[in-house]
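Not measured: the values here are computed from a predicted model. So you know, we letter chains A, B, ... as the sequences are listed, proteins then strands, and number each from 1.
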Amino acid sequence: DSGVTQTPKHLITATGQRVTLRCSPRSGDLSVYWYQQSLDQGLQFLIQYYNGEERAKGNILERFSAQQFPDLHSELNLSSLELGDSALYFCASSVAALGSTDTQYFGPGTRLTVL
Amino acid sequence: AQSVSQHNHHVILSEAASLELGCNYSYGGTVNLFWYVQYPGQHLQLLLKYFSGDPLVKGIKGFEAEFIKSKFSFNLRKPSVQWSDTAEYFCAAVNNNDMRFGAGTRLTVKP
């Protein structure tokens, strides 16, 4: 158990819908990262927040957005869902920001299925 | 575009065989390098990381990796694999807040 929690574990929805994935970092970690893992795209870094502020952006689509709240939990919002958005979405946390020597600890992921 | 390449998609070994998984990156400048492992049904875990200093990095579970700057490589090695090493292995690189993963290598170790 990494100490990072993600809810829900599984999510099944239809095309065109909007969903919200939630992540709670390890106690004391200020950074939250979001990743997408799919069969065709592999593992991709989406976005990072550090202490409530966006710090780094990867291959995140315009239809996706994220935020980190004052209690440091983060939410990833996926809208206008397409079949290709079906994937495993991981969250990770670390004490400091990307580029530091800190280790990222990964959560168990949310499996999103878009029908 | 910056990228990370893993040459082997699927490697099958017998127990006690030696392992080397290739990883190359295309970043210039300072780069931080990682190897992650994903055991079946589990989340990603860090095996080892390189930021600076000794280019030979030792990680958990007997794994090590060597950073060769001239070859833009960070290959993962283990002298003797076990059945429990069956997993997917991902190489990753970070440069200026840009993080990329390789496509992953699936390792199957036969008992």
For residues 36-44 of chain A against chain B, heavy atoms under 4.5 Å, the residues are Gln37(A), Leu43(A)
Output for pair (His43(B) NE2, Phe106(A) CZ), nearest 0.5 Å, gives 10.0 Å
So, the part of Gln6(B) with a heavy atom under 4.5 Å from chain A: the answer is neither
Query - Working for side chain to side chain contact (heavy atoms under 4.5 Å, CB included), residues Leu46(B) and Gln104(A) - result: CA-CA 8 Å; Leu46(B) 181 69; Gln104(A) 290 183 33; over 6 Å; no
Tell me whether Phe101(B) is reachable from Tyr89(A) by hopping between hydrophobic residues (I, L, V, M, F, W, Y) whose side-chain heavy atoms are closer than 4.5 Å.
no
Contacts of His73(A) meeting ring pair (Phe, Tyr, Trp, His ring centres under 6.0 Å) (sequence neighbours excluded), chain-then-number -> Phe69(A)
Value for CG (Asn59(A)) from CG (Asp98(B)), rounded to nearest 0.5 Å, stands at 8.0 Å
Do Val4(B) and Phe67(B) sit in one hydrophobic cluster, given that two such residues count as connected whenever their side-chain heavy atoms are within less than 4.5 Å of each other, even indirectly? yes
*Is there a path of hydrophobic side-chain contacts, each under 4.5 Å between heavy atoms of I, L, V, M, F, W or Y residues, that connects Tyr33(A) with Phe51(B)?*
yes
Applying salt bridge (Lys or Arg N to Asp or Glu O under 4.0 Å) to Glu66(B) and not counting sequence neighbours gives Arg77(B)
Please say yes or no: joined through hydrophobic side-chain contacts below 4.5 Å, possibly via intermediate residues, are Tyr36(B) and Val94(B) part of one cluster? yes
Turns out that what part of Leu44(B) lies under 4.5 Å from chain A's heavy atoms comes down to both
Listed by number, the residues in residues 77-86 of chain A that come under 4.5 Å of chain B (heavy atom to heavy atom) are none
Nearest heavy-atom approach of Tyr35(A) to Met99(B) is OH-SD, 3.2 Å
NE2 (His10(B)) with more than 12 external heavy atoms under 6.0 Å: yes
Cluster link Val81(B) to Ile12(B), ILVMFWY, side chain under 4.5 Å | no
Can you confirm whether Arg26(A) is buried at CZ, in the sense that more than 12 heavy atoms of other residues, nucleotides or ligands lie under 6.0 Å from that atom?
yes
*asked:* Determine whether Gln45(B) and Tyr105(A) satisfy the following criterion, side chain to side chain contact (heavy atoms under 4.5 Å, CB included), listing intermediate values before the conclusion.
replied: CA-CA 7 Å; Gln45(B) 298 174 48; Tyr105(A) 293 88; over 6 Å; no
